[in-house]
Q: 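First, the structure itself, so that you have it in front of you.
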Amino acid sequence: MAPNNDDVAKDVAGLKISDKPEKPREGSAAVSAAGPEKGDRSISANHLGGDMWVVKPVPNAGNGAVALRKIARGERIMADVPLFVVPTTVNDVKTMQQIIALGLKKASKEQAREFLTLDNAHKVNGPLVGTASTNVHPMGGGGATEAGLFLAACRINHACVPNAQNKWRKDLGRMTVHAARDIAAGEEITLTYLPALFPWAERQTILKDHFGFKCACATCALPPGEKRDASDRRRKEINELDEKVGDGKRIVKNAEEMLHDAWRKLKLLREEGITDAWVSRAWHDAFQIAIANGDQARAKVFAERDYEATVACEGKDSPEAAQTMQWVKSPKAHPLYSGKLQWKQGVDKIPKDLSDEEFEKWLFRLPQEGLAN
């Protein structure tokens, strides 16, 4: 029989924060005690990531995860198991209360206490549903049917240009977080909470409505005017190019134009400072354009770059990285490969004596004078 939701809420709300947790939670990074100089002692030691990171107050963002040492690009920051899992298709508050209450009944008292220290941007739905809906992460892509409450991962704050990438690893049953670029000691670790690269005004509205805060990250802090407008234009164009590059109808008929779109998208991502999964996605698009037109040489280079970017964001042990390595080894094994199309050539045709600039022009089939934009 399901527990009484009101009783569970009262039990959880009555718990107090303890400086001496019962034991480290499975899935957290290695735990060590931290003095006041390293972290906020009102936060459980479950969220002290060994020598790598600690939860502590950060300017304009409450508590956040802060690097204790340099974290190299591609380094795994955590592999977190869900405290509980909720379906994304349930909209009934009472049903969701029941699901969360059952999950908390299986958790330790310490975990339940920590859950209620999290932000609640939807107080109208009560402490359980409101806190969960503010903090859960989808367990998969945009069509994910489940979301998990990850006590360590949800301590990582949002930035519109994040320095880390989270990934639900179904094969591990964990949410992994990797450094998408080098993170300096003392720097806050950040993820993006947004599914697309929205312009400033739209980002602010979404983040306020869904998560209850006004974003003050470095990108949002750009002053109104030229710099903010330039960022908004880049983001708008990246989204437009993403749709164009994803249009399978163009992949043969407009192949060269499509490859130029992929080049432009990667250029804009660099200019915007974006280093997360958007980058591997762009390299994979370029790979598919090349291999669909029979060009194994370019496809192999694109697959190598896709693999490097995927490993940085997901780890070498990810299924996606393993699959991409198969395309590196044998591009023509990809189902889109056709040996009868306009760019047909083998992997032995990769040029070896070009300058970096000339190699990029060859790779993206750019004119010698470059593209106008």
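Note that the structure is predicted; figures quoted are calculated from it, not measured.
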Q: Closer than 3.5 angstrom, by distance alone: can the side chain of Ser330 be matched with the main-chain N or O of Trp327 as a donor-acceptor pair?
A: no
Q: Can you pull out every ring-ring contact (aromatic ring centres under 6.0 Å, His included) where at least one residue sits in residues 68-104? Sequence neighbours excluded, please.
A: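 Sorted result for residues 68-104: Phe84-Phe115.
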Q: Are the side chain of Thr134 and the backbone of Ala121 linked by a donor-acceptor contact shorter than 3.5 Å?
A: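 The answer is yes, because a donor-acceptor pair under 3.5 Å joins these two groups.
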Q: I'd like to check His284 versus Phe302 (side-chain heavy atoms, cut-off strictly below 4.5 Å). Are they in contact?
A: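 A side-chain contact under 4.5 Å is absent here.
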Q: Does the pair Lys249/Asp247 count as a salt bridge with the N-to-O cut at 4.0 Å?
A: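 Looking at Asp247 together with Lys249, the answer is no, because their closest N to O distance does not fall below 4.0 Å.
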Q: What closest approach, in Å, do Glu114 and Thr117 show between heavy atoms, and which atom pair accounts for it?
A: O-OG1, 2.7 Å
Q: Using a 3.5 Å distance criterion without hydrogens, assess whether the side chain of Lys123 forms a donor-acceptor pair with backbone atoms of Asn120.
A: yes
Q: How close do Leu222 and Arg228 get, heavy atom to heavy atom, and via which atoms?
A: O-NH2, 3.0 Å
Q: Using side-chain contact (heavy atoms from CB on, under 4.5 Å), reason through Met325 and Val311 one step at a time and then give a plain yes or no.
A: CA-CA 10 Å; Met325 179 49 69; Val311 167; over 6 Å; no
Q: Could you see if Leu194 belongs to whatever hydrophobic cluster contains Phe213? Use Ile, Leu, Val, Met, Phe, Trp, Tyr and a side-chain cutoff under 4.5 Å.
A: yes
Q: Between Glu240 and Lys236, does any NZ, NE, NH1 or NH2 come within less than 4.0 Å of an OD or OE carboxylate oxygen?
A: yes
Q: Report the C-alpha separation of Arg203 and Cys215 in whole Å, then their side-chain angles, then the decisive distance to 0.1 Å, and conclude whether the side-chain contact (heavy atoms from CB on, under 4.5 Å) test is met.
A: CA-CA 8 Å; Arg203 294 199 307 272; Cys215 187; over 6 Å; no
Q: Could you measure the distance from the CD atom of Glu202 to the CG atom of Leu197? Nearest 0.5 Å is fine.
A: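 Glu202 CD to Leu197 CG: 11.0 Å, rounded to 0.5 Å.
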Q: I'd like to know whether Phe359 forms a side-chain contact (heavy atoms from CB on, under 4.5 Å) with Phe364, so could you lay out the CA-CA distance, the side-chain angles of the two residues, the decisive distance to 0.1 Å, and finally the verdict.
A: CA-CA 9 Å; Phe359 187 84; Phe364 286 97; over 6 Å; no
Q: State, with a plain yes or no, whether a side-chain heavy atom of Thr145 is found less than 4.5 Å away from one of Pro87.
A: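 SC-SC contact between Thr145 and Pro87 ruled out.
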Q: Do Pro82 and His137 make a side-chain contact, defined as non-hydrogen atoms from C-beta onward lying under 4.5 Å apart?
A: no
Q: Taking atom CG of Leu266 and atom CG of Asp261, what is their separation to the nearest 0.5 Å?
A: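 It comes to 11.0 Å.
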Q: Side chains of Val86 and Glu146, heavy atoms from C-beta outward: is any pair under 4.5 Å?
A: no
Q: Do Ile291 and Val252 belong to the same hydrophobic cluster, where Ile, Leu, Val, Met, Phe, Trp and Tyr are linked whenever their side-chain heavy atoms lie under 4.5 Å apart, directly or via other members?
A: yes
Q: Verify whether one side chain among Thr176 and Glu314 offers a donor that lies under 3.5 Å from an acceptor in the other.
A: no
Q: Let me confirm one number: the CD-NZ distance from Gln204 to Lys214, rounded to the nearest 0.5 Å.
A: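 Output value for this atom pair is 6.0 Å.
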Q: Minimum heavy-atom separation for Ala255 to Gln342, with atom names?
A: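 Heavy atoms only, the tightest pair is CB-NE2, 3.7 Å.
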Q: In Å and rounded to the nearest 0.5 Å, what is the CE to CG distance from Met175 to Leu151?
A: 12.5 Å
Q: Taking side chain as C-beta onward, heavy atoms only, is Leu118 less than 4.5 Å from Leu149?
A: yes
Q: Would you sort out whether Trp343 and Arg365 count as a side-chain contact (heavy atoms from CB on, under 4.5 Å), showing the intermediate values?
A: CA-CA 11 Å; Trp343 296 349; Arg365 302 179 66 93; 3.3 Å; yes
Q: Distance-only, no hydrogens or angles: does the Gln111 side chain make a donor-acceptor pair with backbone N or O of Ser108 under 3.5 Å?
A: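 Yes; judged by distance alone, with no hydrogens or angles, the pair exists.
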Q: With the threshold set at 4.0 Å, does a side-chain nitrogen-carboxylate oxygen contact exist between Arg69 and Asp51?
A: yes
Q: Does one hydrophobic cluster hold both Ile350 and Leu366, with members joined at side-chain heavy-atom distances below 4.5 Å?
A: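 Same hydrophobic cluster.
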Q: Should the pair Glu271-Arg233 be classified as a salt bridge under the 4.0 Å nitrogen-to-oxygen rule?
A: no
Q: Applying a strict under-4.5 Å side-chain criterion to I, L, V, M, F, W and Y, I'd like to know whether Leu207 and Val161 cluster together.
A: no
Q: Compare all side-chain heavy atoms of Ile289 with those of Val245 and state whether any distance is below 4.5 angstrom.
A: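 With C-beta onward as the side chain, the pair touches.
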Q: Quick check: does any side chain N or O of Thr190 sit under 3.5 Å from a backbone N or O of Asn163, one acting as donor and the other as acceptor?
A: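 Between the backbone of Asn163 and the side chain of Thr190 there is a qualifying donor-acceptor contact (under 3.5 Å).
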Q: Do NZ/NE/NH1/NH2 and the carboxylate oxygens of Glu256 and Arg298 come within less than 4.0 Å?
A: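 No, Glu256 and Arg298 are not salt-bridged.
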Q: Heavy-atom distance under 4.5 Å between the side chains of Ile77 and Trp53, does that happen here?
A: yes
Q: Checking Asp295 side chain against Phe287 main chain: does a donor-acceptor pair fall under 3.5 Å?
A: no
Q: Are Arg264 and Glu237 close enough for a salt bridge, meaning some N to O gap below 4.0 Å?
A: yes
Q: For the residue pair Ala147 and Thr88, what are the closest heavy atoms and their distance?
A: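 Of all heavy-atom pairs spanning Ala147 and Thr88, the closest is N-CG2, 3.9 Å.
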Q: Is the number of heavy atoms from other residues, nucleotides or ligands under 6.0 Å of Lys332 NZ greater than 12?
A: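 Atom NZ in Lys332 is not crowded, with 12 or fewer foreign heavy atoms closer than 6.0 Å.
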Q: Test Arg281 against Glu320 for salt bridge (charged side-chain N to carboxylate O under 4.0 Å, His left out), laying out the working first.
A: CA-CA 11 Å; Arg281 176 186 174 98; Glu320 287 80 2; over 6 Å; no
Q: Tell me whether Lys300 contacts the main-chain N or O of Val328 through its side chain, where contact means a donor paired with an acceptor under 3.5 Å.
A: yes
Q: Would you check if the side chain of Asn125 reaches a backbone N or O of Val93 as a donor-acceptor pair within less than 3.5 Å?
A: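 No; zero donor-acceptor contacts below 3.5 Å.
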Q: Working to the nearest 0.5 Å, report the span between OH of Tyr307 and CD of Gln326.
A: 10.5 Å
Q: Do the side chains of Tyr337 and Gln288 get nearer than 4.5 Å, heavy atoms only?
A: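 With C-beta onward as the side chain, the pair stays apart.
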Q: Check Arg181 with Asp276, please: is the shortest side-chain N to carboxylate O separation under 4.0 Å?
A: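 Answer for the salt bridge query: no.
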Q: Between Glu187 and Lys70, is there a side-chain N and carboxylate O pair less than 4.0 Å apart?
A: no
Q: With a cut-off of 6.0 Å (strictly less than), are more than 12 heavy atoms of other residues, nucleotides or ligands near CG of Asp348?
A: yes
Q: Only pairs at least two apart or in different chains count here, so list each ring-ring contact (aromatic ring centres under 6.0 Å, His included) that has a residue in residues 172-208.
A: His158-Tyr193, Tyr193-Phe211
Q: Got a second to check how far Arg76's CZ is from Arg174's CZ, nearest 0.5 Å?
A: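 Taking CZ in Arg76 and CZ in Arg174, the distance rounds to 9.5 Å.
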Q: Inspect the contact between Lys244 and Asp285 and indicate whether a charged nitrogen and a carboxylate oxygen are less than 4.0 angstrom apart.
A: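 Here Asp285 does not pair with Lys244 in a salt bridge, since their nearest N and O are not under 4.0 Å apart.
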Q: For Ala303 versus Thr324, what's the shortest heavy-atom pair and its separation?
A: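 Minimum heavy-atom separation between Ala303 and Thr324: O-CG2, 3.5 Å.
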Q: Ignoring hydrogens and angles, tell me if any N or O in the side chain of His122 forms a donor-acceptor pair with the backbone of Val124 under 3.5 Å.
A: no
Q: For Asp306, does its backbone N or O pair with a side-chain atom of Thr310 as donor and acceptor, under 3.5 Å?
A: yes
Q: For the residue pair Ala152 and Asp80, what are the closest heavy atoms and their distance?
A: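 Residues Ala152 and Asp80, closest heavy atoms: N-OD2, 2.9 Å.
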Q: Check the hydrophobic clustering (I, L, V, M, F, W, Y; side-chain heavy atoms under 4.5 Å; chains of links allowed) and say if Val58 and Met52 are grouped together.
A: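 Cluster IDs for Val58 and Met52 differ.
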Q: Salt bridge (charged side-chain N to carboxylate O under 4.0 Å, His left out) between Arg169 and Asp171: does it pass, once the steps are laid out?
A: CA-CA 5 Å; Arg169 290 285 302 276; Asp171 57 315; 2.7 Å; yes
